[in-house]
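Note that the structure is a prediction, hence the values are computed from the model and not measured. Hydrogens, waters and symmetry mates are skipped; everything else that's a heavy atom, side chains included, is used.
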Amino acid sequence: MTPMVEALGIHKSFGATRVLRGVDLVVQPGEVSCVIGPSGSGKSTLLRCINHLERIDSGRLRVDGHLVGYRERNGKLYEMRESEVAHQRRDIGMVFQRFNLFPHKTAIENVMEAPVVVRRQDKAAARARAVELLDRVGLADRRDNYPAQLSGGQQQRVAIARALAMSPRLMLFDEPTSALDPELVGEVLDVMRGLAREGMTMVVVTHEMGFAREVGDALVFMDEGVVVEHGAPREVLGNPQHERTRSFLSKVL
């Protein structure tokens with residue numbers, strides 16, 4: 001089976017700061033891989049490299065068997081044109097910490113935007129799909145509301161519906177609940193649980209250890225730009241093998 005995500009020896013620096021230092025990661029189709037670790041460990045940067053929002057310095061990164069952002073000739077990588085990268089990103093949905101909704105567009109208009117503009121989808125078809133997706137995330141009755149009229153949890157659910165509108169094969173979540181009040185976290189996690197049950201391949205950077213234990217197929221602990229430990233969530237959380245993992249979990253569990 002071709003992995004949905006295959007990262008091999010990924011290095012990334014910002015100036016003199018080495019953020020990723022040889023990261024290896026494999027995510028199979030239909031798998032939910034949760035990534036945990038302290039701030040500054042490289043988790044979010046890794047996600048951004050997967051859809052080429054950040055360029056890697058070295059290594060190989062493939063999604064569904066295809067190099068992301070590059071072509072390889074004679075062992076050397078050559079960066080694709082931005083239009084080619086944008087075409088690749090259509091199959092990769094991403095949900096950020098901040099919701100990044102268009103404030104001047106309603107919920108349904110936010111969900112319709114990319115299918116109409118990027119995929120040139122008929123507006124009527126895009127609207128019907130948007131209604132279906134907003135219903136799926138429990139917001140059918142809020143489709144004509146603007147972001148400012150929605151709670152943080154509702155805005156994040158619109159953001160998930162917006163990402164799903166492009167029918168992605170892979171969903172990336174960058175700490176999707178970290179900007180939410182505690183009582184709103186559950187409604188977003190419920191939507192993500194539903195996606196997992198439906199077989200969506202997901203890479204989730206999260207601090208929600210309960211979600212990782214319950215929903216995750218794999219748990220990755222990162223620190224200082226490397227993968228320190230990788231295994232089944234219950235095993236990593238219940239019986240971590242590395243001292244650094246044990247130290248981190250003792251502070252968050």
Margin query: Going by salt bridge (charged side-chain N to carboxylate O under 4.0 Å, His left out), name the residues that satisfy it together with R90, two or more places apart in sequence or in a different chain.
Written below: none
Next item on the list: Answer yes or no: is there an ion pair linking E113 with K105, defined by an N-O contact shorter than 4.0 Å?
Entry: yes
Note to self: Strictly distance-based, threshold 3.5 Å: is any side-chain N or O of E109 a donor or acceptor partner for the main-chain N or O of T106?
What the structure shows: yes
Notebook entry, point to check: Which residues satisfy the side chain to side chain donor-acceptor pair (under 3.5 Å) test with R119, sequence neighbours excluded?
Noted result: none
Item checked: Within-4.5 Å side-chain heavy-atom neighbours: V63 and D91 -> no
Next item on the list: Could you identify which residues cluster with V118, counting Ile, Leu, Val, Met, Phe, Trp and Tyr as linked when any side-chain heavy atoms lie under 4.5 Å apart, either directly or through a chain of such contacts?
Entry: M166
Margin query: Evaluate L139 against V158 for side chain to side chain contact (heavy atoms under 4.5 Å, CB included), listing each step before the verdict.
Written below: CA-CA 8 Å; L139 291 173; V158 172; 3.6 Å; yes
Item checked: Side-chain heavy atoms of F96 within contact of E175, under 4.5 Å -> no
Notebook entry, point to check: What residues form a salt bridge (charged side-chain N to carboxylate O under 4.0 Å, His left out) with R55, not counting sequence neighbours?
Noted result: E79
Margin query: My understanding is that only residues two or more places apart in sequence, or in another chain, count here; which of them pass salt bridge (charged side-chain N to carboxylate O under 4.0 Å, His left out) with R213?
Written below: none
Margin query: Tell me which pairs pass salt bridge (Lys or Arg N to Asp or Glu O under 4.0 Å) where either residue lies in residues 134-156, with sequence neighbours left out.
Written below: R136-E198
Checklist line | Residue pairs involving residues 193-245 (criterion ring-ring contact (aromatic ring centres under 6.0 Å, His included); sequence neighbours excluded) | finding: F221-F248
Notebook entry, point to check: According to the salt bridge (Lys or Arg N to Asp or Glu O under 4.0 Å) rule, which pairs have a member within residues 28-46, sequence neighbours left out?
Noted result: none
Check: Could you give all pairs that pass the ring-ring contact (aromatic ring centres under 6.0 Å, His included) test and reach residues 26-85, with sequence neighbours left out?
Finding: H52-Y70
Next item on the list: Output all residues satisfying salt bridge (charged side-chain N to carboxylate O under 4.0 Å, His left out) with R234, sequence neighbours left out; order by chain, then residue number.
Entry: none
Checklist line | Residue pairs passing the ring-ring contact (aromatic ring centres under 6.0 Å, His included) test where at least one lies in residues 120-174, sequence neighbours excluded | finding: none
Next item on the list: Please identify each residue that fulfils side chain to side chain donor-acceptor pair (under 3.5 Å) with E84, with sequence neighbours left out.
Entry: R71
